[in-house]
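Everything below concerns the one structure shown next.
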Amino acid sequence: MQRFEASYLIETPLDPAKVAQVMAGEQSSGTFTRVHGETDELRARSRAEVLSVVDLGTSDTPSLPNAYLERRGVAGPYRRARIRLAFPVANVGANLPTLAATAAGNLFDLGEVTGLRLESLSLPDAYRRAFDMPRQGLAGTRALTGVETGPLVGSIIKPNVGLSAEETGELVGQLCAAGLDFIKDDEICANPSHAPLAARVPAVMRRVRDHAERTGKKVMVAFNITDETDAMRRHADLVAREGGTCVMASLNWCGFSAIQTLRRSTDLALHGHRNGYGALSRAPLLGIGFQAYQVLWRLAGVDHMHVHGLKGKFAQEDAEVIESARDCVTPLSSSEDDRVMPAFSSGQWAGTVPATYAATGHADLLFMAGGGIMAHPDGPSAGVASIREAWEAVMAGEGLPEAAQRAPALAKALAFFGSGA
C-alpha cells in the first residue's frame, strides 16, 4: 500500500503516544472514538499509521490557550514530541486541497494539544508524479533568461504602487539597461486602476522587446497577476501574447485550486510569492514549516519560491532562510527534474552575497535587490555591477575587500551600504 508521510511537532499535557493515535484517527478513517462502520478491515485499509513518537521534553506553560482542556481541569506539565504519521495515498488521490486538509486541517484545532506544527511532508515517487510539475523550474528559467551559469540578478519595481502604466514601462526600460536578468512586480501591485495590466503589460513588454533587439538579452519580468482564477488566466494569456515569459501570484491568497488551474493553462514561468506565510510559520508551535509548505506549492507546479534573504529585513533567522533554499532545490521526484528556483529578497545587496554563497554552495537562485541596486551612489547600473562583482569574487574563492580593489562598483557599494547608509 502506498503511503505518504508527515511529521509534526506537538505539545500536550496528555500522553503524546495516545495523542498521536488521536491524530491518526482524526485525519483518516475515524474520530476521537471508534464509530459504527469502522471495521477492522476498513481500518487496515484506510487508517493512518503512527510511525514514531519522539519525546522532546516538557514546558511549564502551554504555548496556546485550550478551552477543551480547561473545561476538564487538565493542566501541565506540557509534553512536547515529534510525531510521524503515514497516510494511505488511496484516501486522497491526486487532490492537492484534500492532501493539505489531510496533512493539516483539523489537527490545528484538536482539543488534546496546546501546540501543533506540520513540519515536513514526504511523498512516494509515483504519487508525486500524479501532481503538476514546474513547467520551467531551474533549467527553463535559465533558458528563458539566457543566464547559463551564476545567479539571476533581479530587482523589484519601486515605488510599489502609484506609477502609471507608462511610468512603469519607462522604469522597466531603465532597469533592463542597468543589466538585470529579472524584474518583478511587488506583491501589492496587481491590477490597480492607475496601472491596469491591460495597459501595463504592453507598456512594459515594449521596453523589454526594444532592449532585446538592441542587446540580444530578453529580461524576464514577473507580472503580478494575482486575482480570481479566470482573470489570472486572461492576464497570463495577455503576457504570453506580448512575448512575456513569467507571471507572479500571491500563493496564500489565491489558493491551491487557482494556482493549479493557472499552471495547467500556461507554460509561462510561475513565480510563487509567499506573502502571508509568516502567519503560518512564525509561532514555533503552530502552523506549517517551510519544508511542508513548499512541497504543497511545488505540487501545484510553481517554478520559483520566495525564501526571503540572509541578514535581511524580515524576522526569519538566517538558518531558516538557508534551509528553505535547500528545500527548493531538493528534488521531490527521482525521475524528473522538479527543482524550483529559490528567490532571495529583502534587504539584499553585494555585501550579503558571501553569506548567501557560503550557505547554499551554489548559484541556482534568484538574487533580488531593491535598494541594493536602486540606491547605489553611482546609480542602478553600478548597483547591478556591484552584485555581479561580488558573486564573481565569492565563486572564485576571493573576499569582497580584495575584489573591491579592482571592482569600483563593488567598492562603492561596500563603502555606502556597509556604513549603514
Side-chain angles (χ1 to χ4, degrees), residues 153-212 218-255 258-259 261-262 265-266 268-278 302 304 306 313-314 343 345-348 366 368-376 379-381 383-384:
V153 180
S155 192
I156 306 94
I157 295 173
K158 301 286 185 180
N160 307 23
V161 294
L163 298 176
S164 69
E166 275 302 307
E167 288 170 335
T168 304
E170 183 63 27
L171 176 58
V172 168
Q174 296 170 13
L175 293 174
C176 287
L180 288 169
D181 305 310
F182 180 90
I183 302 166
K184 66 175 282 293
D185 283 332
D186 196 78
E187 71 273 10
I188 61 172
C189 183
N191 197 25
S193 57
H194 56 265
L197 284 163
R200 192 166 88 245
V201 172
V204 167
M205 287 309 303
R206 185 167 72 251
R207 273 72 173 195
V208 171
R209 291 193 300 268
D210 288 347
H211 180 74
K218 188 172 186 179
V219 177
M220 177 177 280
V221 178
F223 291 96
N224 183 3
I225 63 169
T226 300
D227 210 322
E228 56 87 16
T229 307
D230 288 339
M232 288 200 295
R233 294 173 69 186
R234 292 194 301 271
H235 299 327
D237 288 344
L238 170 61
V239 172
R241 287 197 303 272
E242 289 289 333
T245 56
C246 185
V247 290
M248 180 182 107
S250 293
L251 301 177
N252 297 315
W253 314 122
C254 292
I259 297 300
T261 299
L262 176 61
S265 65
T266 183
L268 297 173
L270 179 48
H271 188 84
H273 201 295
R274 74 182 202 181
N275 61 87
Y277 172 65
V302 299
H304 311 154
H306 274 241
K313 66 180 182 180
F314 289 124
S345 65
S346 83
Q348 301 305 284
L366 272 166
M368 294 186 291
I373 288 173
M374 302 300 288
H376 191 285
S381 294
V384 174

(request) Under the side-chain hydrogen bond (donor to acceptor under 3.5 Å, both in side chains) rule, what do D185 and N224 come out as? Steps first, then yes or no, please. (result) CA-CA 6 Å; D185 283 332; N224 183 3; 5.8 Å; no
(message) Quick check on the 6.0 Å ring-centre criterion: do H306 and H271 meet it?
(response) yes
(message) Is there a side-chain contact between L238 and R234 in this structure, where contact means two heavy atoms from C-beta onward sitting under 4.5 Å apart?
(response) no
(message) Are P196 and N191 packed together at the side-chain level, in the sense that at least one heavy-atom pair is separated by less than 4.5 angstrom?
(response) yes
(message) Given 3.5 Å as the limit, does a donor-acceptor pair link the side chain of R207 with the main chain of T168, or not?
(response) no
(request) To the nearest 0.5 angstrom, please state how far the CE atom of M232 sits from the OG1 atom of T266. (result) 11.5 Å
(message) Rounded at 0.5 Å granularity, tell me how far CD1 in I157 sits from CG in L163.
(response) 8.0 Å
(message) Using side-chain heavy atoms (C-beta onward) and a distance below 4.5 Å, is F182 in contact with H304?
(response) yes
(request) Find the distance between CZ (R274) and CG (L251) and round it off to the nearest 0.5 Å. (result) 10.5 Å
(message) What's the separation between atom CD1 in I156 and atom OG in S346, rounded to the nearest 0.5 Å?
(response) 9.0 Å
(request) Apply side chain to side chain contact (heavy atoms under 4.5 Å, CB included) to the pair D210 and C176, showing each step before the final yes or no. (result) CA-CA 10 Å; D210 288 347; C176 287; over 6 Å; no
(request) Could you tell me whether the side chain of I373 reaches within less than 4.5 Å of the side chain of S155, counting heavy atoms only? (result) yes
(message) Show the nearest heavy-atom pair for residues N275 and N252, with the distance to one decimal.
(response) O-ND2, 2.9 Å
(request) Check whether any side-chain heavy atom of V172 lies under 4.5 Å from a side-chain heavy atom of V219, and answer yes or no. (result) no
(message) Salt bridge or not between E166 and R206? Use side-chain N to carboxylate O under 4.0 Å.
(response) yes
(request) Evaluate the side-chain proximity of M368 to K184: yes if any heavy-atom separation is below 4.5 Å, no if none is. (result) yes
(request) Could you give me the CA-CA distance, side-chain angles and deciding distance for V239 and L197, then say whether side chain to side chain contact (heavy atoms under 4.5 Å, CB included) is met? (result) CA-CA 9 Å; V239 172; L197 284 163; 5.9 Å; no
(request) Over all heavy atoms of both residues, which pair between A178 and S381 is shortest? Give the atoms and the distance, please. (result) CA-OG, 3.3 Å
(message) What I'd like to find out is whether the side chain of L262 reaches to under 4.5 Å of the side chain of I225, using heavy atoms alone.
(response) yes
(message) Checking the side chain of R233 only, and the main-chain atoms of T229 only, is there a donor and an acceptor separated by less than 3.5 Å?
(response) no
(request) Taking all heavy atoms of V384 and all of G179, pick out the closest pair and write down the distance. (result) CG1-O, 3.7 Å
(message) Main chain of A195, side chain of S164: is a donor-acceptor contact present, judged purely on distance under 3.5 Å?
(response) no
(request) Return the minimal non-hydrogen interatomic distance between M220 and C246, and the atom names on each side. (result) CG-CB, 3.5 Å
(request) Kindly compute the distance separating NE2 (H194) from SG (C189), expressed to the nearest 0.5 Å. (result) 5.0 Å
(message) To the nearest 0.5 Å, what is the distance between NE2 on H235 and CG on L268?
(response) 13.5 Å
(request) Could you tell me which non-hydrogen atom of G162 sits nearest to which non-hydrogen atom of E167, and how far apart they are? (result) O-OE1, 4.1 Å
(request) Please examine the side chains of K218 and T245, heavy atoms only from C-beta on, and report whether any two atoms are closer than 4.5 Å. (result) yes
